[in-house]
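One structure is given here, and the rest of the page talks about it.
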Amino acid sequence: MMNYDFRQIEDKWQKYWAKNNTFKASNTSDKPKFYALSMFPYPSGAGLHVGHPLGYIATDIYSRYKRHKGFNVLHPMGYDSFGLPAEQYAIQTGQHPAITTENNIKRYREQLDKLGFSFDWDREVRTSNPRYYKWTQWIFIQLFNSWYNKKSDKAENISTLISIFEKEGNENVEATCDDDTPSFSAADWNGFSEKKKQEILLKYRLTYLADTEVNWCPALGTVLANDEIVNGVSERGGHPVIRKKMTQWSMRITAYAQRLLDGLDKIDWPQPLKDAQTNWIGRSVGATVTFNVLPFGEEQGGDSNSVLPPTPSSGGGANARLTGDSSMIGVLLERAKEMRKNPTPAEDKLWQALRRKNLDVKFRRQHPVYKYIVDFICLEKKLIIEVDEKIHDYQLDKDAQRTLELEQKKGFTVIRFTNDEVISNLEAVIKKIEDILDSLSTGEGWGGDNHPYQIEVFTTRPDTIFGVSFMTLAPEHELVAKITTPEQKAEVEAYVEATAKRSERDRMADVKTISGVFTGAYAEHPFTKEPIPIWIGDYVLASYGTGAVMAVPCGDQRDYDFAKHYNIPIPNIFEGVDISEEAFADKETTVIANSDFLNGLSYKDAMKKIISELERIGHGKGKVNYRLRDAVFSRQRYWGEPFPVYYVDGMPQMIDEKYLPLELPEVEKYLPTETGEPPLGNATTWAWDAKNNKVVSNDLVTLSAVEGLDKGDGMPKPHLPDGQKVQHDGIYPLELNTMPGWAGSSQYFNRYMDPRNDEAIFSPEAINYWQDVDLYIGGSEHATGHLLYSRFWQKFMFDMGYVPKDEYAQKLINQGMITGTSEFANQASVNQAYISGYKTEGGFEGKRASNIIFLIKENENGELDKFQYYGDDVKYVFFSSDYEYLDEYKEGEYAVPYNQVIPHRFDVNYVENNILDIEGYRKTNESYNDSIYVVPGGFWLDGKFTELFSGKSREFKTYPEVEKMSKSKYNVVNPDAICEEYGADSLRLYEMFLGPLEQSKPWNTAGITGVHSFLKKLWKLYSPLEGGEGGVAPTADNLKTLHKTIKKVEEDIENFSFNTSVSTFMICVNELTAQKCTSKAILEPLAILVSPYAPHIAEELWERLGHSESIAEAPFPKFEEKYLVESSKEYPISFNGKMRFKLELPLDMDKDEIEAAVLAHEKTQEQLQGRTPKKVIVVPGKIVNIVG
RNA sequence: GCCUUGGUGGCGGAACUGGUAGACGCGCUGGAUUCAAAAUCCAGUUCUUUCGGGAGUGUGGGUUCGAUUCCCACCCAAGGUACCA
């Protein structure tokens, strides 16, 4: 038999499989089904590198194994072919993304075909194919037509919601909807205009339009992701970025928050991935609590024993009055103070009376209101009382003007008394005041329960509410500007500005720096009514919860640190707990104290009690909070799915399913338009003819259709040039945004089940046969993107009754990344290297080289240093890769000035075993061609070596470093070259052999020779059997080796431990070779065992064993225990747990016999050296341990 | 900071539920074969040693007859992230 000619073998079987449709999956079968799926790739221009196939090989091994096990296996592959790189390339080159994508796919396909995957290529899907994205658009429409009914806990058709509205309004509807949804009755609803109804419904639909804040970069005309922004400017180009509201499509994934969480318990996914999703959804149970913000100065009205903490500002907002005109408040306050000190007798009398009277409301005296100082004021009732002297007649005009202004413009009620009235008839005056107070409603005034501002917080520990000693708002919180007192304004503004420059990640990671600023404002404790100072601090993030915290320093370490830092009191509300050193956060052992009605309660009881109390006083309620936000679904890009949406009168309309797909229009250029519209704004044929249901030219859209004036009557329109009539009613603008990357991947796994169906996304038969994915393999980078959104869509599809399972993948595995090895050497950054006395053909001359010099150095330990530094005094140095020669270089004539040494990354294709192929590398770039390459023995220049030190190496050494494999790092290893040199089977085995599937591991091509020679040995083992000869009967050893292997390989595959089964194969072949096994009864099952891993050689060997059918569905060998039964065991004999020698003993020996045999052994005596063992542990069949 | 994963020879890694640490492969060393090289085959390869042995799985403790494996504390690396109230 000839040598192992893998090229011929692999080519032959790849053709055979394609020709015979070996891996075609049928949608009807008596066999049990198995659906194995790899995450489909984005076809990038760089092609596959060796990291990509890792997961595909694993899925392929499992698929092939399942075929051997008698399953009908679905193992499809496709392309996630919409995406940014193709669009970016299009922007740069003008090449249509569809063309780029097509070319890239072609290359991917060639590479994939060479690896011998058992894909059913008939089922290939491409997300950018209109026949595919027709169904992406279809799902979008289904979502639009649905709402989430919390009562039934599932999505329902919007028509059920409309019929409820018609009958009873939305009072009793429990749905996931916008926060600002108004409540209305059935009558209201039925009276609404069609547009109004549409607006309301949009607040309920599972996909809806909403104003979302985005990072807008005006210079790039595009929206940027958080990580595309560095230090407040765009990563690309460094342009300024602003927060801007944009109307965008959103997906109401929040409706599914709880079910997405619950579903995690049902599926076998890696725990870290589940953790990531759990954290992303971020469920926390607690309560919302509303705190009223006290008007300025209110806190001064409390009794003098107030718990007010010292505040950094002197006076802490004393005498400030919210009602005063801020531009002249200083003057007003001064005067008010003056006047309060020196009241007129009448004023004093009335003031004492008002205080004594103990009215329900509170009065202030000499209070600034706008430009004036009024005598008495009741803020909650907006009542002003003025006490005048009669002789003020000359002022009458002015007073009238003042009254007019206060009453009419500011909404106060002003009553006037004369001094006489007050002095002589106080009773009547008071009576009149009481009457007027009664008649006034507690309207939009200040004070009482009608505070102008309220702070809502979410807390998981409402039970600790009596421990609140301050509040912290996020610096971005909208109330900050409104409540900050004038005294604190400058400081607060500076802090807000400083915070804006910090990234959230930065704010989050820095726990050491405690910072914050007092706003000067106070909130009122809902129970104790004590004032609570309001601070801002950057440890509170605006994006989470309400952006405000009720700080309980005794129960939360962050609050504790903050309070300590700013000398804020730390009241202890825990029984028997010392909080002098740190906060106490343990819920389990909590007993509440100093908390009024909560005293003595445990955490659990206190939680219940406080929530009911909060609800009773209307200051809060129990709440489950989720971090998860609705997903923005619009992208301002070209290369994505168009929305099946047009706009009539500003309201979105869905294109009827019958007319899908709505195909992506052609555009001149792929950039945003000059007016900042998305790239589709460049399309000239992008309007919807709603009468004929087709896309038509933009010119036909009337302005009226956009602006809502189009009555469709052909009447002259005022905004159009004279007399022009609207001729093209029913033609409307189409949506200009496209869908995001995850749209196409959120149901592709179901589409594979029936990918050519143009009538439905899949047939009921197909989905009912295949049900769900049994094994899904892909990278963990998709944990919170694809893998969460696709679960959401699946649950929606389940609610709609389209799919039978609400989780689409039972088992998921994250394959680890294959990291690359980059090769570095140092490079001196110089302007020009000049070498005098350089020897050329014409004799000696000066030589100028390009500005690059490479060098490395070994330190004392022989390790390669990444950097070297020679000190500033050495200006002219010829760099050496060998440190010891430095001085000689320095003194010699070969010298160049340098500024700096930086690491230089070499293309790994020119480095082998850390040695650079200088000649090859020079050709890659002009400046490399003209560089000096310094080595221990001298230097290379122009392809010539100049020897400076004889006997020293001429090789240029590099040092390796492990990094992510990426084109930009020049460390990409392609599978093509490896297939060419070693074959696909070798590559497949090697990728598995590298290490555990789920861990990341570095690639090193050199190691592939090991698995390659294994395949050669395997081939050799079968040589004697050529021609289908029967071979000889298997020996006991043969059978033992085989069945040991069957057992291990089967276990390994089931556990996805593919690396160890490759080792097992090697051991097996080594043993069978040593046994000189030629038995067909052994080698036939072995071929099947190997077939999932190395399918080409397995098919070839199978055929040579005399089979005419493919090995693909040959039954997996059955493991039989009987061949492994042993009669004796080589016992490890340990002393104090350390193995000292081995002793072969029969397995049927019992404990005592073993002990006796061991103790009698001479080596035991030797070890014991006369001591008597204290104890002897015997585990039959395992180990003997002697203690003593 | 927090979450997750990991840390074992020169390298990738193995060791099932606590029972022989370093399987298998790469690399390296020596040998065979060869005119020579490649390929192939054989032997060796954790460190240390006075050749008896001794030490050893990131560090320090603990549990146990026995720990890479279990517990506690810490260090380092990679990935994720939200100071989540």
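Note on naming: letters A, B, ... go to the chains in the order of the sequence lines (proteins, then strands), and numbering restarts at 1 for each one. Only heavy atoms go into these numbers, but all of them, side chains included; no hydrogens, no water, no symmetry mates.
Among the atoms of the strands shown, none is found under 4.0 Å from any heavy atom of A:Thr472. Nucleic acid contact for A:Pro996: sugar-phosphate only, since backbone atoms but no base atoms lie under 4.0 Å from a heavy atom of the residue. A:Asp556 comes within 4.0 angstrom of nothing in the nucleic acid, heavy atoms only. Among the protein residues, A:Lys1047 comes within range of no part of the nucleic acid, since none of its heavy atoms lies under 4.0 Å from any strand. Note on A:Ser1134: nothing from the nucleic acid sits closer than 4.0 angstrom, heavy atoms only. Among the atoms of the strands shown, base atoms are found under 4.0 Å from some heavy atom of A:Ile1177. In this structure, A:Val549 reaches the bases: a heavy-atom distance under 4.0 Å links it to at least one base atom across the strands shown.
In this structure, A:Ile1186 places its CD1 atom 16 Å from P of B:C65, rounding to the nearest Å. Rounding to whole angstrom units, CD1 of residue A:Ile1183 and C1' of B:C16 are separated by 15 Å. In this structure, the CD atom of A:Glu781 is 20 Å from the P atom of B:U4, given to the nearest Å. Here B:G80 presents its C1' atom at 14 Å from CG of A:Leu787, a figure rounded to the nearest Å. Note: CG (A:Leu54) to P (B:G13) measures 12 Å, nearest angstrom. The distance from atom CG of A:Asn1185 to atom P of B:G19 is 13 Å, rounded to the nearest whole Å. Between the C1' atom of B:A85 and the CD atom of A:Gln557 lies a distance of 14 Å, rounded to the nearest Å. Going from atom NZ of A:Lys1001 over to atom P of B:A78 covers 18 Å, rounded to whole Å.
Candidate nucleotides B:A85, B:U4, B:G56 were compared by shortest atom distance to the side chain of A:Val540, and B:A85 ranks first. Nearest to the side-chain atoms of A:Arg1140 among the listed nucleotides B:U20, B:A23, B:G54 stands B:G54. Distances from the side chain of A:Pro272 to the nucleotides B:U5, B:C24, B:A14 place B:U5 closest. Which of B:C3, B:G27, B:C65 sits closest to the side chain of A:Asp275 comes down to B:C3. You'll find that the side chain of A:Arg558 is closest to B:A85, out of B:U20, B:A85, B:C65. Nearest to the side-chain atoms of A:Lys1129 among the listed nucleotides B:G12, B:U81, B:U20 stands B:U20. With distances taken from any side-chain atom of A:Val1187 to the nucleotides B:U20, B:C65, B:G27, the minimum falls on B:C65.
The closest side-chain donor-acceptor pair between A:Thr254 and A:Asp630 falls under 3.5 angstrom. Side chains of A:Glu1144 and A:Ser1128: a donor on one and an acceptor on the other come within 3.5 Å.
In this structure, A:His1161 and A:Phe1141 have parallel ring planes: the angle between them is below the 30° cut-off, well short of the 60° mark. Taking the six-membered ring where the residue is Trp, A:His786 and A:His782 present perpendicular rings, their angle passing 60° and hence far from 30°.
Contacts of A:Arg283 classified as side-chain contact (heavy atoms from CB on, under 4.5 Å), with partners at least two apart in sequence or in another chain: A:Gln258, A:Leu261, A:Val285, A:Val624, A:Tyr626.
Of the side-chain N and O atoms in A:Lys1175, one or more sit less than 4.0 angstrom from OP1 or OP2 of B:C65. OP1 or OP2 of B:U40 has at least one side-chain nitrogen or oxygen of A:Lys1016 nearer than 4.0 Å. Under 4.0 angstrom from either OP1 or OP2 of B:A85 there lies no side-chain N or O belonging to A:Arg283. The side chain of A:Ser284 contributes an N or O atom lying less than 4.0 Å from OP1 or OP2 of B:A85. In terms of phosphate contacts, A:Asn1059 brings a side-chain nitrogen or oxygen within less than 4.0 Å of OP1 or OP2 of B:A14. Here A:Asn1070 reaches the OP1 or OP2 of B:G25: one of its side-chain N or O atoms lies under 4.0 Å away.
Going from the C1' atom of B:G27 to that of B:G9 covers 12 Å, rounded to whole Å. Taking the P atoms as reference points, B:C47 lies 26 Å from B:A38, given to the whole Å. If you take atom C1' in B:C16 and the same atom in B:A21, they sit 15 Å apart, rounded to whole Å. For B:G22 and B:A73, the C1' atoms lie 28 Å apart once the distance is rounded to whole Å. Going from the C1' atom of B:G79 to that of B:C11 covers 23 Å, rounded to whole Å. Nucleotides B:G61 and B:C24, compared at atom C1', are 35 Å apart to the nearest Å. Here, B:A37 and B:G31 have their P atoms 12 Å apart, quoted to the whole Å. Comparing the same atom, P, in B:U20 and in B:C74 gives a spacing of 31 Å after rounding to whole Å.
For the pair A:Glu1126 and A:Lys1040, the salt-bridge criterion is met [side-chain N within less than 4.0 Å of a carboxylate O].
Nucleotide B:G9 carries a syn base; the chi torsion (O4'-C1'-N9-C4 or O4'-C1'-N1-C2) is within 90° of 0. B:G52 adopts a syn glycosidic conformation, its chi angle falling within 90° of 0.
Along RNA chain B, the nucleotide closest to A:Met817 and the one closest to A:Gly1007 are compared, and the more 5′ of them pairs with A:Gly1007. RNA chain B is contacted by both A:Thr278 and A:Thr1060; A:Thr1060 maps to the nucleotide lying nearer its 5′ end (nearest heavy atom per residue).
A:His619 contributes no side-chain N or O that, together with a main-chain N or O of A:His525, makes up a donor-acceptor pair within less than 3.5 Å. Using modelled atom types, no side-chain atom of A:Arg558 and backbone atom of A:Ala551 make a donor-acceptor pair closer than 3.5 Å.
The aromatic ring centres of A:Phe470 and A:Tyr566 sit 6.0 Å or more apart.
Look at B:A21: it lacks any Watson-Crick or wobble partner with both distances under 3.5 angstrom. Across all strands shown, B:G56 remains unpaired; no Watson-Crick or G-U wobble contact has both distances below 3.5 Å.
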